[in-house]
Amino acid sequence: MVSLTGLVGLDGGEAAAQGIFDTAKSGPFTSSYFGEATYSAGGGCFGSYLHGSAMSASGLAVGGAGTICETPYGSVFAVEVPIVWAANMAGGGLGSGAVTALALPEARLSNFVSGSATGVDAAGKTVVGVVLGADGTQANYDIYPYIWQASTAGAFAGVTPTQLPLHGADTDGAAYGISPNAAYATGWSGTLQFNASWPHGILTGTSTMQAAIWNLSTNSVQLLGATPDPVSSPASSGKAVADNGTVVGWYGLFPRGAFTNDVNLARGSGLLLSDTDQFGDYATIWQPKPFVWTLASGTMTQLGMTPLNNSSTTYAYGEARALNAGSGSVATGSVAVGWLGNSATNFEAVRWSTTDNWATHSTLQLATVAPTDTDNLGRLGAVANAVDASGSNVVGRVEYACTASSSGLCSQAVYWSVTSDGQSSSGATLASILASLGVGTANVTLTDATGIAVSATSSSSNILILGSGHRNDADSTQDLFLVQLTRTASTPTDTAPTSGSITSVLEQRASLASLGVIANQGVTATDAAMGALATAAD
């Protein structure tokens, strides 16, 4: 079995990105971070991870691969490489394409560089992401929004990364989403100041972080303006953007240091919501609320916090994570998905839909899905991460408590189907759906689903789902998965699939053989720099 190995070698104070795929190496992998590795005391590099972020309509998956290392300071850091997987682009079926590492700006960020791909357009030609590095312009490290643009879909080998502009005198930023037509990107722009002592938490009194939209045709950036509560909730970030410039995301307080932690570089606020040890209870630290913003209004508006099908509950916090592409010559983005909650043991996946350009909107709490993992010790909540163009197909995860051997918190990938009237939904774990179709998944755990694309023919409807997870081997080897579900075209959108299949990066032997070992990125960092970069306590 081909598997992941460390990207970083901790030797003489130098960290070098050495490769993505190689011989298996023991490490404390668990399902706790749905595609990321946990860590433990010891020293050196010991935990590889792989995660998916998004998928284009044409089947290009994007994400990151990396390894976790421990410094002499009793802290951890990671070096991550952004990757694209042409999972279904070659027309040869599941996993027919290769894996490519996106180039990083090593020449500019000479002390340290790490990055991850976070969003991709519908055509699979433009990718946005986040680059974390150290170039000496400010204390500790810098975070930048980057873009990779290929002339041919999926052909990113050798493509030079370009930094997206920051607003005014801002020194930091991140790009998390791109519109299907590649006209806009969204994320945040600001200036993060860090505590001089380890673990270098954000100095909230002097830092800024404001949701932003980039016009990619003019290479310009615009802040989305004040939040609905600028005094109590000054920070914000865009997570998804439609072809017409509609943006959804969150506003609130500055997330815990895990937000800027290189271990969690791409996902930002996306650690397990139930993981109060690593993330901290969002109700007391982050306190996010979901928003929508349009070019027409120029105003950030809070999305609904009381689901119509659960009117007895008003949630205090939440986040909008994805937006549908819509239909027609100008996609308006009429459906958003994310989560609402009150605590680390009380949160649910939701779907917002709208009419009249978001002047009104309704909130649907998606169906409760129980985890099917035998390690499940009790359901904690659910999160929706992605939605297809129609707004009827949604994917995400269910989080639950599990045994100590799994670090106490786990998750499983979930698929929801919403009725055509948008009034109700059904849902199930991907593992149980595949099992019902006779597709075995006993050797893997699908921990999260982060991308979905639906295409229809005259005879069927094909649903492609990108997911992160791990193999149920001795090392819990991390992997990226692509699931295909097929439904007959004559059936309603909320009916069960009639067939299914699954593949993964590690199963694509031809792709791995053509990839080989990615060349040394030539990235170095001194012991002192690594101490400054570490933000997660041992």
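Residues take their numbers from the sequence shown, with the count starting at 1.
- A heavy-atom distance below 4.5 Å is found between the side chains of S461 and V454.
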Q | N376 vs C410, side-chain contact (heavy atoms from CB on, under 4.5 Å): CA-CA, chis, key distance, verdict | A | CA-CA 8 Å; N376 164 41; C410 293; over 6 Å; no
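- Taking CD from Q287 and CH2 from W250, the interatomic distance works out to 11.5 Å, rounded to the nearest 0.5 Å.
- Within the 4.5 Å cutoff, side-chain heavy atoms of S236 are placed close to those of M300.
- Using modelled atom types and a 3.5 Å distance limit, the side chains of T447 and S411 yield no donor-acceptor pair.
- Smallest separation of non-hydrogen atoms from G119 and A54: CA-CB, 4.2 Å.
- For T419 (side chain) and S424 (main-chain N/O), a donor-acceptor pair under 3.5 Å exists by modelled atom type.
- A donor-acceptor pair under 3.5 Å links the side-chain atoms of T450 to the main chain of G52, judged by distance alone.
- The side-chain heavy atoms of Q302 and Y251, taken from C-beta on, include a pair separated by under 4.5 Å.
- No side-chain heavy atom of L364 sits under 4.5 Å from any side-chain heavy atom of W416.
- Taking every heavy atom of both residues into account, I463 and Y415 meet most closely at CD1-OH, 3.6 Å.
- Of the inter-residue distances, the one linking L485 atom CG with N462 atom CG reads 9.5 Å to the nearest 0.5 angstrom.
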Q | R487 vs N393, side-chain contact (heavy atoms from CB on, under 4.5 Å): CA-CA, chis, key distance, verdict | A | CA-CA 12 Å; R487 226 167 15 209; N393 300 279; 3.4 Å; yes
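- The structure places OG1 of T118 at 9.5 Å from NE2 of H51, a figure rounded to the nearest 0.5 Å.
- Using modelled atom types, one side-chain atom of S53 and one backbone atom of A117 make a donor-acceptor pair closer than 3.5 Å.
- A donor-acceptor distance shorter than 3.5 angstrom exists from the side chain of H361 to the backbone of G304, with no hydrogens or angles considered.
- Pairing each heavy atom of V248 with each of A320, the nearest pair is CB-CB, 3.7 Å.
- Using a 4.5 Å heavy-atom threshold, the side chains of F481 and I465 count as separate.
- The CG atom of L323 sits 11.0 Å away from atom CH2 of W352, with the distance rounded to the nearest 0.5 Å.
- Remark: the T227 side chain and the D229 side chain contain no N/O donor-acceptor pair separated by less than 3.5 Å.
- Side-chain atoms of N342 come within 3.5 Å of backbone atoms of A316 as a donor-acceptor pair (strictly under, hydrogens ignored).
- Formation of a donor-acceptor pair under 3.5 Å by the R379 side chain with backbone atoms of V369 is found in this model.
- In this structure, a donor-acceptor pair under 3.5 Å is present between the side chains of T403 and D375.
- When ring centroids are compared, W339 and Y282 come within the 6.0 Å threshold.
- Considering only heavy atoms from C-beta on, V128 stays 4.5 Å or farther from V62 through its side chain.
- Residues T372 and Q412 come closest through the heavy atom pair N-OE1, 2.7 Å.
- Annotation: the span from L437 atom CG to S432 atom OG amounts to 9.5 Å, rounded to 0.5 Å.
- Judged by distance alone, with hydrogens and angles left aside, the side-chain atoms of D448 form no donor-acceptor pair with the main-chain N or O of S468 at under 3.5 Å.
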(Q) Run Y315 and V350 through side-chain contact (heavy atoms from CB on, under 4.5 Å) and show every step you take. (A) CA-CA 11 Å; Y315 293 104; V350 296; 5.5 Å; no
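- For G129 against W148, the heavy-atom pair with the smallest separation is N-CZ3, 3.7 Å.
- Closest of all the heavy-atom pairs between L380 and A344 is CB-O, 4.3 Å.
- In this structure, CG in N309 is found 6.0 Å from CD in Q365, a value given to the nearest 0.5 Å.
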Q: Determine, stepwise, if the pair L253 / I285 fulfils side-chain contact (heavy atoms from CB on, under 4.5 Å).
A: CA-CA 7 Å; L253 299 176; I285 296 175; over 6 Å; no
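- Checked by atom type and distance alone, the side chain of R351 pairs as donor or acceptor with a backbone atom of G391 at under 3.5 Å.
- Residues I178 and L216 meet the side-chain proximity criterion, which asks for heavy atoms closer than 4.5 Å.
- Proximity of M305 to P290: side-chain heavy atoms (C-beta onward) are separated by under 4.5 Å at one or more points.
- Checking side-chain atoms of E319 against main-chain N and O of P288 turns up no donor-acceptor pair under 3.5 Å.
- Without hydrogens or angle criteria, D243 side chain to N181 main chain gives a donor-acceptor distance under 3.5 Å.
- T246 and N244 form a side-chain donor-acceptor contact under 3.5 Å, judged by distance and modelled atom types alone.
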